[in-house]
Amino acid sequence: MKLRYSEAFYSVQGEGKFVGVPSVFLRTYGCNFRCMNFGLGKNEPMRDEKQKQGIKHNPEVAELIAKDIHNSVEKFEDLPIIHTGCDTYASIYPEFKKFMKDRTIDEVVEHLLSLTPEGKWTLSNGQDVHLILTGGEPLLGWQKLWPELFKHPRMGDLKNVTIETNTTQSLRDDLRSYIEAQDRIRFTFSCSPKLSVSGEPWDTAIKPSIASEYYATGNSDMYLKFVVADQDDVDEVHRAVQEYRNAGIQCPVYLMPLGGRSEEYVLNERQVAELCMEQGWRFSPRMHIGLFGNAWGT
Ligand code: SF4
């Protein structure tokens, strides 16, 4: 089996617990969600309604497809950045499959190592580069490949892995066992459940039983990270956090401003920080947008 991914790049982690840590990102193809509504306002129908109406893409992606951008553009890096809906649209929609890489684990390992400063995870000064599995949704079927990736002889000095997940996918037994048996790699589940503002219906997006699986996985850490723009979103965070707590989960909660455009981020960040201070939640910036703008490979 080959891994299908859209991009791999070296950057600093811009969100969540490991903000500022030099990291290689591996962005897998495919997602069970579409998150069409980010940035479109609260009156948008939810995804199930849109599907009944035959709507599969958010308006910006629909426009790109109507303009044949998916056929006329040659390289992934040249695809336009969009400002609404899922910001990694090319990694989730089948129309953009031609931009994906299908690679064996050997090839993926070589690609990832080639991105690090010294061709290895632990540098000669003792500092280590983190690996971040992101997407799309990296816990779809690809998770059967992750133990093979981590066990690869060239990955022997890898010390930290973060799995950025929408927290809807059950863990495979072999991946869970591998994580629990680790004394080398520290795993972190960065759980980013989607609120209504995404357009994904609550019952499909907030899955405490799945989060419980990650939480119960030995030798790993977990935190929840929510994207919020206004008080409605914050009310939903309270409700979601309570559902996770009812399932026995007591982990740090991060709030991150809705972003994509730097101007939106600036408008939102102070309000979000103040909410975090009130609730004892943690503020997550989108540091990479300030550093690099809204671009691929950051
Ligand atoms: S869960 Fe993440 S990758 Fe999937 S559609 Fe939503 S924003 Fe995109």
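As the structure lists them, so they are numbered: ligands from 1, and atoms in each ligand from 1. Since we're looking at a predicted model, the values are computed, not measured.
Counting atoms of ligand 1 from 1 in the listed order, those under 4.0 Å from a heavy atom of Arg34 are 5 (S). Residue-ligand proximity, Asn166 to ligand 1, at heavy-atom distances under 4.0 Å covers atoms 1 (S). Every atom of ligand 1 is numbered from 1 in the order shown, and the set under 4.0 Å from a heavy atom of Gly136 is 3 (S). Within ligand 1, the atoms closer than 4.0 Å to a non-hydrogen atom of Cys86 are 3 (S), 5 (S), 7 (S), 8 (Fe), numbered from 1 in the order shown.
Comment: Glu269 does not engage Arg286 in a salt bridge, judged by the lack of any side-chain N to carboxylate O separation of less than 4.0 angstrom.
Geometric assessment of Arg34 against the ring of Tyr93 yields a positive cation-pi assignment under the 6.0 Å and 45° thresholds.
Distance from atom 2 (Fe) of ligand 1 to its nearest protein heavy atom, with residue and atom name: Lys194 CE, 3.8 Å. For atom 4 (Fe) of ligand 1, the closest heavy atom belonging to the protein is Cys31 SG, 2.3 Å.
Using a cut-off of 2.8 Å, one finds that Cys35 contributes an N/O/S atom close to atom 6 (Fe) of ligand 1.
Using the six-membered ring where Trp is involved, Phe96 and His70 have ring planes that are tilted, between 30° and 60° apart.
With ring centers used as reference points, Phe25 lies under 6.0 Å from Phe9.
Taking 4.5 Å as the limit, every side-chain heavy atom of Thr88 sits out of range of all side-chain heavy atoms of Thr134.
For Asn160 and Asp128, the side-chain atoms include at least one donor-acceptor pair closer than 3.5 Å.
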